[in-house]
Amino acid sequence: VASYAALIDVLGQAKDDKGVWYFLDQMKNRGLWYGDKPFNILIRIYDRVGKLQEAERTFEHMKAVGCRPTIYTYTSLLQCLVKAQCIERAEQVFHEMQRAGCSPDTVAYSVLICGLCKVGKLEYARTFLEDMVAKGCTPDVVTYTTVIDGFCKAGKVDEAQRLMADIVNNGITPDVHLYSALINGFCKTGCMDEANKLLDEMTSKSCEPNAITYNTLIDGFCKAGRLNDAIMVLDLMVQKGRRPTVVTLNILVDTFCKIKNVDECVTIKKKMREIDCVPD
RNA sequence: CCUGGCGGGACUUU
């Protein structure tokens, strides 16, 4: 069984669903069984390749052969549904797991809340945030990031900021994902100085910005027409030892295509050449 | 009593 488990694990990483089914079938023929794991692996493969129907089929299949879905199974399926924006079905699965005696944990709640935020149901998402607390399930920094990102993407940065205060009151330490999401909210609403302040704040709290954080600010400054500030952030990024990524390059290329000022073109061209990265 | 190293979150193009 251990050999099969290891094998199926590797096949899962390789997204080889046919291989997993093949060895699952072979195990069954040899009277071996190791529970829900292979099915979870299959559902995660189908999540990664965007085959929701196959994930649902796998879920039905495991139940049909008498294998109980676990919290990992339900959460993986929820993740598939959220990615496919099938939010009603996700809620249905969320209820089904409870009926089956499987209590959602922080991760399961986070996935559902993320899905609700992605389709713009922000207030409804917040009811689940309250619901989970009532059930003794503590929202963590990931849960809050999904909600804050949701409000930011809806342009409600003020609301996001209010949630940020709750986080600190609940004793949660904001991490780089959370700061980046909030910085993105300020950038997208044109509040570049607020965004920059947050960069300083996170640095002062020894939460080091990563490439995504810098890219977010660089893009914000470029779109705000503040090319010099964008380049200052880029230089800071390099100075702090964060390698620009292909996204950094794409931001500069996009900006380059849209500007009309010749001097700025020259500046950007120089910066684009400095980025040692294969274009995608 | 314990037990899952990728079950969940942030950047560019619309």
Side-chain angles (χ1 to χ4, degrees), chain A residues 5-6 9-10 12-15 34-45 47-48 55 69-83 90 93-94 97 102 104-118 125 128 132 137 139-153 160 167 172 174-188 195 198-199 202 207 209-223 230 233-234 237 242 244-258 272 275 277 279-280:
Chain A
D9 227 51
V10 171
Q13 286 169 27
K15 301 181 197 168
Y34 83 106
D36 63 308
K37 284 186 188 179
F39 299 108
N40 301 344
I41 288 170
L42 280 165
I43 292 172
R44 271 168 234 153
I45 292 174
D47 173 36
R48 281 182 286 159
T70 64
I71 184 105
Y72 293 95
T73 318
Y74 286 114
T75 309
S76 302
L77 182 60
L78 279 174
Q79 174 65 21
C80 278
L81 292 162
V82 160
K83 191 183 281 182
V93 170
F94 194 76
M97 69 189 284
C102 185
D105 60 5
T106 302
V107 177
Y109 269 104
S110 299
V111 174
L112 182 66
I113 288 171
C114 179
L116 292 169
C117 290
K118 288 273 179 326
F128 279 94
M132 70 188 287
C137 185
D140 63 11
V141 65
V142 176
T143 322
Y144 277 109
T145 302
T146 66
V147 180
I148 284 189
D149 183 56
F151 277 105
C152 284
K153 294 240 160 75
I167 288 171
I172 295 171
D175 67 4
V176 62
H177 287 252
L178 182 42
Y179 273 114
S180 299
L182 195 54
I183 286 172
N184 191 38
F186 281 118
C187 288
K188 293 293 189 291
L198 279 172
L199 183 72
M202 67 189 288
C207 174
N210 62 18
I212 292 184
T213 323
Y214 289 117
N215 286 341
T216 305
L217 275 153
I218 292 168
D219 183 62
F221 278 126
C222 284
K223 289 203 166 62
V233 176
L234 177 56
M237 176 181 191
R242 293 290 174 185
T245 65
V246 67
V247 173
T248 321
L249 182 61
N250 289 342
I251 291 165
L252 296 187
V253 170
D254 182 62
T255 306
F256 179 78
C257 291
K258 286 169 183 165
M272 287 191 297
I275 296 178
C277 181
D280 63 4

Check the interface with nucleotides 1-4 of chain B: list each N/O to N/O pair with the protein under 3.5 Å, or write none.
from, atom 1, to, atom 2, distance (Å)
B:rG4, N7, A:Y72, OH, 3.0

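B:rC6 and B:rC2 are spaced 23 Å apart, taking the C1' atom of each and rounding to whole Å. Using atom P as the reference point in both B:rG4 and B:rG8, the two lie 15 Å apart (nearest Å). Nucleotides B:rG7 and B:rU3, compared at atom P, are 15 Å apart to the nearest Å.
Partners of A:K37 according to the salt bridge (charged side-chain N to carboxylate O under 4.0 Å, His left out) rule, which considers only residues two or more places apart in sequence or in another chain, do not exist here. Residues forming a side-chain hydrogen bond (donor to acceptor under 3.5 Å, both in side chains) with A:Y74 (at least two apart in sequence, or on another chain): none. Taking A:F151 as the reference, nothing meets the ring-ring contact (aromatic ring centres under 6.0 Å, His included) condition, with sequence neighbours excluded.
Rounded to an integer number of Å, the gap from CZ of A:R48 to C1' of B:rG7 is 12 Å. Atom NZ in A:K83 sits about 12 Å away from atom C1' in B:rG8, given to the nearest Å. When the P atom of B:rG8 is taken as reference, atom CE of A:M132 falls 15 Å away, rounded to whole Å.
Base engagement by A:V107 is indicated by at least one non-hydrogen atom pair under 4.0 Å involving a base atom.
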Kindly express the pairing pattern of RNA chain B in dot-bracket notation, using | wherever a base pairs with another strand and counting only Watson-Crick or G-U pairs under 3.5 Å.
..............

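Contact annotation: side chain of A:T75 to base of B:rG7, donor-acceptor pair present below 3.5 Å.
Inter-residue side-chain proximity for A:L182 and A:C152 is flagged as met; some heavy-atom pair is nearer than 4.5 Å.
Listed for the A:D219 side chain is no donor-acceptor partner under 3.5 Å among the backbone atoms of A:N215.
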Summary of protein contacts for nucleotides 9-14 of chain B, nucleotide by nucleotide, where a base hit scores B, a sugar-phosphate-only hit scores S (4.0 Å, heavy atoms)
BBBBSS

